[in-house]
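Take a look at the structure set out below.
Chain letters run A, B, ... following the sequence lines, proteins first, then strands; residues in each count from 1. These numbers were taken from a predicted model, which means no experiment stands behind them.
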Amino acid sequence: MAAGSGPDPAAEAQPPPPIHHLPPDALHNVLLRLQLRDAVVCRPVSRLFHETLSPQLLALLPTLRLLLLRHPRPDGGGCLHAFDPARRTWLRLPFAHFLPYQSFSPVASSTSLLYLWVETSSSTSPLALPSTSSSSSSASAAAPAHPPKSLAVCNPFAGTYRLLPQLGSAWARHGTVLAGPGGTVLVLTELAALSYTPSGSGKWMKHPLSLPSKPRSPILASAAAAVFALCDVGTPWRSQWKLFSCPLAMLTGGWAPVERAAWGDVFEVLKRPRLLAGAGGRRVLMIGGLRSSFAMDAPCSTVLILRLDLATMEWDEAGRMPPNMYRCFTGLCEAASQGNAMPAAAAGGNNKVKVFGGDGKVWFAGKRVRGKLAMWEEDEMGSGGKWDWVDGVPGYGDGVYRGFVFDGGFTAIP
Amino acid sequence: MAAAADSSGDGGTSSGEKTIVLVSSDNSARFEVREAAALLSQTVRRMIDEAGADASGDGITLPDVDAKTLAKVLEYCNKHAPASSSSSAAEAAPPAEGEEDLERFDREFVRVDMGTLYSLVTAASYLKIEGLLNLTCQTIADMIKGKTPEQIRKTLGITSEFTPEEEDEVRRENAWAF
């Protein structure tokens, strides 16, 4: 309806000028106000929109925060599933049309870039193999038992990728990949760390690690430009966790324990703790089962999230899984609804809660929790966080999910 | 309430404030507005600076803005003009109207057909009126949000030159978004 106080029958007589007559700056002005997904949806609208919505323009839009799931099968399932926590929807990232490898496993991400292990043996014939139930074994029959792997860095939105220098398969099997700013990549194993910087020598640099034991759940805290990891300095009968860190600039010989007298027994209260990066890279989250007592085999009462502020070096409690949520992980919901007697709480590995995420977002998966994940999001401003369920997790069968945070966009192209 | 544009031809408002005459592209309409309102346009500001001595008697012709659009643009400028008329204060001073009142005005202002909206965007861009450009561009962006390509075409009055195969290809390359 026309605004204004006067009649405007003249407006009906002429067709509206098409959007193509807008000055280019004005069209940019409009499109830059969209969220990334809406902008990409505009690409097929017309040729003008497609040309205007170039990767260069899309790089100016804020990235899309996603949770990426890692498929439990080595062939990667052909596409990745990602959850958009803002819109509560699942997205599919198909890889087949630009990544010519059959087997891939995504392991890490930095802004708009995804890192995946791919098999790069020369006998790989992409996409043409018939898929039978034994295809994975017949495909590798001609290749060595452990074919060499490379880390590929790719931008799944832009559809481009690049391979990093090849590594022996042991690195892929045992190493944890961390992606840092500026394209820096680390691969950590028990005895050594590899680092790669695009602006450096273009080769992997090896750094011996002198940690007391295999580093557990290493993470990169971007604000501190350092790697943090847990090491078990206890006995085979009882774990005792200690925090270690290493500045990125000093990967050889830079590892040192991080401890403060005021911390007391903060590491004693958690069972099987994991580290995750807190929001903004300024905090480290430590998540584990809250022991109901200090006895060795005491069951856990819930999942606890502790947070270390890297500025003050103080721990505080960031969150605690609500009891009705935790019951689903221990199978007590199931047992109750089936009218069975309550199972013993410590039933071996079945109660294990898988923890993954990053940048202040934590997801929890468990064998007993089919088709959904529990989610905790750190409050930007406040001291707590929000708990919720995420439904509709795509069926990976019995596989328990792993994943990480991925900020998708066009800001970096490999 | 800010003084409305005074077109009685006495060359100024009752407070003696300077006015400027703006002329539409086809020379069909002349609008006399308060200087503070006219100076919301960086283009008009520049034209006045370049004209040097007081040339506002003849009026400033805006070759790219037709009468209908100019009238609508000036409706915006009059509403959003600062109370003070001195040109340096015009940028810093808040408008004479209250915040809420302006928001209501803006919402009603953009309830127009697409043709008028496009004309307003083009005029705001040419005249360099920041507030109007933001308002109109945001309005179009809000119309796009959450829609499918087909719905976007319908809303914005676009026909696609893509063949069905070409469109499929673009969708496939960006499959994650669909």
>> Treating B:Asn174 as the side-chain partner and A:Val40 as the backbone partner, does any N or O pair qualify as donor plus acceptor under 3.5 Å?
In response: no
> When you look at CD of A:Glu377, are more than 12 heavy atoms from neighbouring residues, nucleotides or ligands closer to it than 6.0 Å?
Replying inline: yes
>> I want to check something: taking the side chain as every heavy atom from C-beta on, are B:Phe178 and A:Pro44 in contact at a cut-off of under 4.5 Å?
In response: yes
> Within a strict 4.5 Å, meaning less than it, do heavy atoms of the A:Val30 and B:Ile144 side chains meet?
Replying inline: yes
> Under 3.5 Å, is there a donor-acceptor pair linking the side chains of B:Asn134 and A:Arg33?
Replying inline: yes
>> Tell me if the NZ atom of B:Lys154 is crowded by more than 12 foreign heavy atoms within 6.0 Å.
In response: no
>> Is B:Ser125 in contact with chain A via its backbone, its side chain, both, or neither, using a 4.5 Å heavy-atom distance?
In response: side chain
>> When you compare the side chain of B:Thr148 with that of A:Val41, does any pair of heavy atoms fall below 4.5 Å?
In response: no
> So A:His21 and B:Thr122, side-chain contact (heavy atoms from CB on, under 4.5 Å) or not? Walk me through it.
Replying inline: CA-CA 8 Å; A:His21 291 177; B:Thr122 306; 6.0 Å; no
> Please walk me through it: do A:Phe49 and B:Leu156 pass side-chain contact (heavy atoms from CB on, under 4.5 Å)?
Replying inline: CA-CA 12 Å; A:Phe49 271 62; B:Leu156 301 186; 4.0 Å; yes
>> Which heavy atom of A:Ser46 sits nearest to which heavy atom of B:Thr159, and what is that distance?
In response: CB-O, 4.5 Å
>> So for A:Leu32, is it side chain, backbone, both, or neither that comes closer than 4.5 Å to the heavy atoms of chain B?
In response: neither
>> Can you tell me which portion of B:Ile152 sits under 4.5 Å from chain A's heavy atoms? Options are side chain, backbone, both or neither.
In response: side chain
> Among residues 160-169 of chain B, which residues come closer than 4.5 Å to chain A, judged by heavy atom distances?
Replying inline: B:Ser160, B:Glu161, B:Phe162, B:Glu166, B:Glu167
> What part of A:Arg92 is in contact with chain B, defined as an atom under 4.5 angstrom from a non-hydrogen atom: side chain, backbone, both or neither?
Replying inline: backbone
>> Show the nearest heavy-atom pair for residues B:Trp176 and A:Leu91, with the distance to one decimal.
In response: O-CD2, 3.6 Å
> Does B:Ala177 offer a backbone N or O that forms a donor-acceptor pair with the side chain of A:Arg37 under 3.5 Å?
Replying inline: yes
> How long is the gap from NZ on B:Lys145 to SG on A:Cys42, to the nearest 0.5 Å?
Replying inline: 11.5 Å
> When you look at NZ of B:Lys128, are more than 12 heavy atoms from neighbouring residues, nucleotides or ligands closer to it than 6.0 Å?
Replying inline: no
> In this structure, which one of A:Asn29, A:Leu27, A:Leu22, A:Asp25 forms a side chain to side chain contact (heavy atoms under 4.5 Å, CB included) with B:Cys137?
Replying inline: A:Asn29
